[in-house]
Amino acid sequence: MSLVEVKNLYRSFGKVHAVQDLSFQFDAGEIFGFIGPNGAGKSTTMRILATLDIPSSGDCLIDGKSTVDYADTVRGLIGYMPDSYGSYPNMTVLEYIDFFARAYQLRGEARKRAVFDTVDFCQLGDLSDKPITTLSKGMKQRLCLGRCLVHDPNVLILDEPSAGLDPRARIEFRDLLKILAEQGKAVFISSHILAELEELCDSVAIIELGKLISTGNIRSIKKDLRNKALAQQDKQEELEHNHVIEIHLYTEWEESERCLAEQPMVTQAHVDGTSLLVTCSGNAETQHQLLVRLIQAGMPLYSFAGRDHNLEDVFLQLTEGLVQ
Amino acid sequence: MKRFMTLVERFGFWVSDHANPMLVRCVRQELRSRGFLGLYLLMLIAATVMSVIYAELANATVQDDEPIGFYLFTILCGAWGFIVLPWQATASLRIIFQERQDDTWDLVELSPMRPRDILFGLLQAVCTQGMLYTFAIAPFMLMAYLLRGIDIYSIVISLIIMVLAGTATAAFGILAGCLSKTKKASRGFLTLLVFGGSCTLLILILSLIAQSQKGYGFNLGNFAEELLSGDGDAWLVVLIIANIWIAWMTACLVFGGTILLHRAANRSTGPRLLWIGLTINSLIWIMIAVIINPYFHFYEGLSASALLLICSASFLGAFSTTEDDILSPRQARSITEARGIKKVLMVFFGPGYNRGCLAFTTLLTSYLAVVILNNIIFSKGTLHGSNDESEILRFGLVLMCYVCIYYCAADVISRKIFHNFITTPYLRRAILLGLILCAGLLFSLCGYLIGGRFDKGNFFFHLSPFTGISYIMVHPLKSDILIGVLSLLGITSFAYFILKGLRLRIHTARVLARDDEHNPRGD
């Protein structure tokens, strides 16, 4: 039995079917990504997992306990970070964490230790006396993560925690999550930054219009996608003959677009300054010929590499961008 | 001394460590809030300016019998009362609105704190603010005493009354805050209600103080002296006020906390316990009145108790007999996991229709016992001048029969005839209320149209719970066939509820979301 299980989950709001027959599971020490366009039902699923909502049918189990029937027990096992949350004015970082430690019935030395450990883990020590309202977005996210961790839960449910963070803050936040997973916590995270999820997650679930499109290990999803595409006649040719190549120039070259357009094997080209994304039809030999021709044309390239499907490609291929 | 200080320090640490988290948070926030500090300073400055003006007036040309101190006190009390009553009450309402609007409520709700604890913490925080304001204004009130025209007892009692009233209105504000969800209109209405209510209370208190000083009616100074001299009546008044205040605060917190509980949780035990507690509390006061008042006879006390019990049973029954008969697993666990005395109590106070029926019939049985006792002890007891010894008993039985019949009819309509449409407790309550109102008015109207005013032979009057009961009160029933039919139906209905109440086997079903339930994107 996995630590977190979602079983045939349905949730409707009138005519809107926010979640439909959703099932997936993940275990302790795992970081599980949750991907879907806006309005796909990610937050609804997370709220049900966090015991803040109940399903129309189906169930969510955490450590074998239903989030509906054993809400009080489950609440002690989870830390939930919503996508939007209000912060308290006129309160410092330390007081904020202390308030939640008190709310989780930590008393005396245990509370003090929990507060300082949390502040220390989230690297908020230097800001502990600062009012929350003066914190940057990144620091606020860390503080909110700290709030989730103060009672040492086994499962973390994080609804788009990196939204609005700068790259450095995002990397630092990601590192914190990796440490938490190494400590044995199950992390359930939704995000729009798919490259980040690809690097962070062991497994993902992709949903659209409340329905599960695919779930499992990222590699296996990619493989499935390829097999699925191969099964379709119209995509078979495309997959066999078209390859995406990423070209990087060491300096901008005005002739880039014209030069690429002249090459017969290039079916599609996208130029963005010194980065070029080229779709080339043919096999490895054709790619070699393209490289030779570009060098002969005087293109100042220093990198020419075939690109594999990343999570973003998978997401775009699997979903249709529909919202309800 | 050193040891004593260590003990005090330890106690202080323990108190701060175990204080309600909401109290700690709100006080920390408020002490830094510009609004609080601004209001505090404004009050201090205004009080200082007014005190200086009045002190000058006292020393100037004003006559010696001019009650300068009283004028200053009334103005200070009015300003301070406005902050402690309407301001604090609406502040407590705003805190809950804000908390629920900003989604911070969800974060607190995820902690092991129950809604009742959260509300209690908020109430404590509001009261602490009130105390801080009181500390600020108290020296100026003392100054009003030092000027001429008001006695110290009046000042102290006024302060106590104002603080108690402030806390009571804050509790009402919190209860009102729990009633509203997100609709702006309902929030506006509730704010207006709380503000209006607390302003009215403030005006009443101020007029009481003014009248007391002018020598009309109740005098606060004399009352304080009576208290200090150990006068029983004065202490009794204090006890009654304290009792009402505690009951009000408890009711606000329990009902507020219950409203905020999820419907899958046990929402029955708290209110049911509270209701029974309030009923017993009222019965105790009736007995005290019988003991201390020689003009209040024991049989009158029993009659009052019986009336209280039937009203209490009707109110409790309206909620407890309309509950769902199938429990959620969480509700079921609140019964099965109870131990010791709690296990016994859960037979009557546990959630669900069956236990609700048992609680309802238990109260009805208590009512019946009091009526029978009244009849046995005072077989010569009279009602409306009649000497018929069994009149009280008969009237009591008839009253109970009406309650049982109408509740049973509503139950059968909701659960047997229209069970496919009437699926929630709210609808069942609406059916019960609707049935009583419709039958009461419809049958009365039919009675008037057919037979005229209180025609004994017109059975329509007897079908209506309104005119039927009043008919029996005015015209004692002797050997009427109607009373036989009524008793038979009443006993059958009572037996119906007892049978339902004795089926204590728990049936559970998972609580699932309804389509219309809270869409976070839809708010």
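Throughout, protein chains are lettered first and strands after them, A, B, ... in sequence-line order, and every chain is numbered starting at 1.
Counting heavy atoms from C-beta outward, A:Val68 and B:Pro329 have side chains that stay 4.5 Å or more apart. Annotation: side chain of B:Asp106 is in contact with side chain of A:Arg47 (closest heavy-atom distance under 4.5 Å). You'll find the side chain of B:Arg333 reaches within 4.5 Å of the side chain of A:Tyr70, heavy atoms only. Between B:Gln29 and A:Glu95 there is no side-chain heavy-atom pair separated by less than 4.5 Å. Between B:Leu512 and A:Ser56, every side-chain heavy-atom pair lies at or beyond the 4.5 Å cut-off. The shortest distance between side-chain heavy atoms of B:Leu110 and A:Phe100 does not fall below 4.5 Å. Between A:Ile54 and B:Val511, some side-chain heavy-atom pair lies under the 4.5 Å cut-off.
Using a 4.0 Å cut-off between charged side-chain N and carboxylate O, B:Arg25 and A:Asp98 make no salt bridge. A salt bridge is absent between B:Asp17 and A:Arg102; no separation between the charged side-chain nitrogens and carboxylate oxygens falls under 4.0 Å.
The two residues B:Leu107 and A:Arg147 have their closest heavy-atom pair at CD2-NH2, 3.5 Å. Shown here for B:Glu109 and A:Leu52, the closest heavy-atom pair between the two residues is OE1-CD2, 4.1 Å.
B:Gln98 and A:Tyr88 share no donor-acceptor pair across their side chains, judged by distance under 3.5 Å alone.
In this structure, B:Arg28 is not positioned above the aromatic face of A:Phe99 in the sense of NZ or CZ being under 6.0 Å from the six-membered ring centre and within 45° of the axis.
Contacts with chain B were tallied for A:Ile48, A:Leu106, A:Thr92, A:Asp59; A:Asp59 has the most, counting heavy-atom pairs under 4.5 Å. Among A:Arg111, A:Met91, A:Arg75, A:His151, the residue making the largest number of heavy-atom pairs under 4.5 Å with chain B is A:Arg75. Of the listed residues (B:Glu30, B:Arg34, B:Glu99), the greatest number of heavy-atom pairs within a distance under 4.5 Å of chain A belongs to B:Glu99.
Only the side chain of A:Ser66 comes within less than 4.5 Å of a heavy atom in chain B; its backbone stays farther off. With a threshold of 4.5 angstrom between heavy atoms, B:Arg263 approaches chain A through side-chain atoms but not through N, CA, C or O. Heavy atoms of A:Ser12 lying under 4.5 Å from chain B belong to its backbone as well as its side chain.
At least one donor-acceptor pair closer than 3.5 Å links the side chain of B:Arg510 to the backbone N or O of A:Gly58. Side-chain atoms of B:Arg330 never come within 3.5 Å of backbone atoms of A:Asp72 as a donor-acceptor pair (strictly under, hydrogens ignored).
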